[in-house]
Number of protein chains: 2
Amino acid sequence: MPKMIEVRSDDQCCASILRAPMDGVDAEKLALGFSALADPVRLRILSILADSPAGEVCVCDFVLPLEKSQPTISHHLKILSDSGLVHGERRSKWVWYSLDRTRLAQLRGALDA
Amino acid sequence: MPKMIEVRSDDQCCASILRAPMDGVDAEKLALGFSALADPVRLRILSILADSPAGEVCVCDFVLPLEKSQPTISHHLKILSDSGLVHGERRSKWVWYSLDRTRLAQLRGALDA
DNA sequence: TTTCTGTATTGACAAACGTCAATACATCGA
DNA sequence: TCGATGTATTGACGTTTGTCAATACAGAAA
């Protein structure tokens, strides 16, 4: 069976909140983006990724510094991945995650003056 | 009994996620900030405030456009107010809310490249 | 004072969330 | 093949969240 790949048809990008009133649909989308940032564990994951010289971090290397169980880390990585903030790539037994700075800039742009 | 005013001793400001690994305390604080943005009703409140020529909007003027009950609007305004994103000022029977663009810029700054 | 209007709070409820133990899945080495 | 290791998923649990009806509070007008 062919692997399914989710394709996002709209850009989910964001004109700044501050420039025009948003309708409910845009607000829902943007709220999903900020929801991904609304958890301390996820923020630290992003921070660790940003600070990584290699630009990618193995799942196993999140567990100890974040003091959470492996399923919990995996859960948060999925949320970040679904929101487009990180991408995971399997290499042999390990999965390496990297930060999507473009997506992060989109969310920052939603707060632009 | 004198009215209690909560004073925030730290600045709750935010070095960018992207520049140094965050400890758990900083991550908690920042996550609270983004939690305030993680709801479509609250994003629309901010958007309406930003778009208001007078720079302030009466509570009563949120109810119709957002299609939520008055207690729900009040609830969201409290969350935004607690997180420092808006400020309310009572003038006779009405309470006028305004956007704190400095606080919004702090959160934007946490996502700076 | 009483009454009316605008706002905040309370209480209840369902839904969503964060967490972990147990388990399933994927990959490699023996 | 089998066993070991890294990751994802499932299921369960308590907590938090968003919502509204009812109510309380604040201010103005009669």
Side-chain angles (χ1 to χ4, degrees), chain A residues 1 3-6 24 27-46 48-49 56-83 85-98, chain B residues 1 3-6 24 27-46 48-49 56-83 85-98:
Chain A
M1 186 167 98
K3 181 167 188 176
M4 298 300 289
I5 299 179
E6 181 169 353
E28 287 277 1
K29 285 188 206 163
L30 189 53
L32 285 178
F34 285 123
S35 295
L37 299 177
D39 179 273
V41 174
R42 293 197 287 273
L43 289 178
R44 294 181 73 189
I45 288 176
L46 297 178
I48 289 172
L49 285 172
E56 54 183 7
V57 175
C58 173
V59 174
C60 57
D61 288 329
F62 288 116
V63 176
L64 261 67
L66 299 182
E67 298 178 281
K68 296 292 174 187
S69 71
Q70 177 270 318
T72 295
I73 298 294
S74 205
H75 167 71
H76 287 297
L77 284 168
K78 176 162 176 45
I79 290 174
L80 289 171
S81 180
D82 287 348
S83 79
L85 282 163
V86 306
H87 302 288
E89 179 191 345
R90 169 151 237 145
R91 289 207 286 280
S92 82
K93 292 198 300 187
W94 297 273
V95 179
W96 298 84
Y97 280 87
S98 57
Chain B
M1 187 166 97
K3 182 168 187 175
M4 298 301 289
I5 299 177
E6 182 167 350
E28 287 278 1
K29 284 188 207 165
L30 190 52
L32 285 179
F34 286 123
S35 295
L37 299 177
D39 179 273
V41 174
R42 292 197 287 273
L43 289 178
R44 295 181 73 191
I45 287 176
L46 296 179
I48 289 173
L49 285 173
E56 54 183 7
V57 175
C58 173
V59 174
C60 57
D61 288 329
F62 288 117
V63 175
L64 261 68
L66 298 182
E67 298 178 283
K68 297 291 174 189
S69 70
Q70 176 269 318
T72 296
I73 297 294
S74 205
H75 168 71
H76 287 298
L77 284 169
K78 176 162 175 44
I79 290 174
L80 289 171
S81 180
D82 287 347
S83 80
L85 283 162
V86 306
H87 301 288
E89 179 191 345
R90 171 150 236 145
R91 288 208 285 280
S92 81
K93 292 199 300 188
W94 296 274
V95 179
W96 298 84
Y97 279 87
S98 56

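Lettering follows sequence order; numbering is per chain, from 1.
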In whole Å, I'd like the distance from the CG atom of A:L64 to the P atom of D:dT7.
12 Å
Sugar-phosphate or base contact per nucleotide [nucleotides 11-26 of chain D; S, B, -; heavy atom under 4.0 Å]
-------SBBBB----
A:L80 CG to D:dT7 P: how many Å, rounded?
16 Å
How many Å lie between CG on A:L32 and P on C:dA16, as a whole number?
12 Å
Polar side-chain atom of A:S74 near backbone of A:Q70 as donor-acceptor pair, under 3.5 Å
no
Spacing of B:L66 atom CG relative to C:dT7 atom P, expressed in whole Å:
13 Å
Could you note down all residue pairs passing salt bridge (charged side-chain N to carboxylate O under 4.0 Å, His left out) where residues 57-72 of chain B supplies at least one of them, sequence neighbours left out?
none
With sequence neighbours left out, what residues match A:H76 under side chain to side chain contact (heavy atoms under 4.5 Å, CB included)?
A:D39, A:V41, A:R42, A:I45, A:T72
Please confirm whether the shortest side-chain N or O distance from A:Y97 to OP1 or OP2 of D:dA8 is below 4.0 Å.
yes
B:L77 has an atom CG; how far is it from atom C1' of C:dG6, in whole Å?
13 Å
d(CH2, B:W94; P, D:dG27) in whole Å:
13 Å
Taking only residues two or more places apart in sequence, or in another chain, which ones meet B:E28 in a side chain to side chain contact (heavy atoms under 4.5 Å, CB included)?
A:P40
Nearest-Å distance for atom pair CD/P, residues A:E89 and C:dT27
13 Å
Rounded off to whole Å, could you give me the CZ-to-P distance for the A:R91 and C:dT27 pair?
14 Å
Can you list the residues that meet the side chain to side chain contact (heavy atoms under 4.5 Å, CB included) rule with B:V95, with sequence neighbours excluded?
B:V59, B:R90, B:Y97
Set of salt bridge (Lys or Arg N to Asp or Glu O under 4.0 Å) partners for A:K93, sequence neighbours left out
none
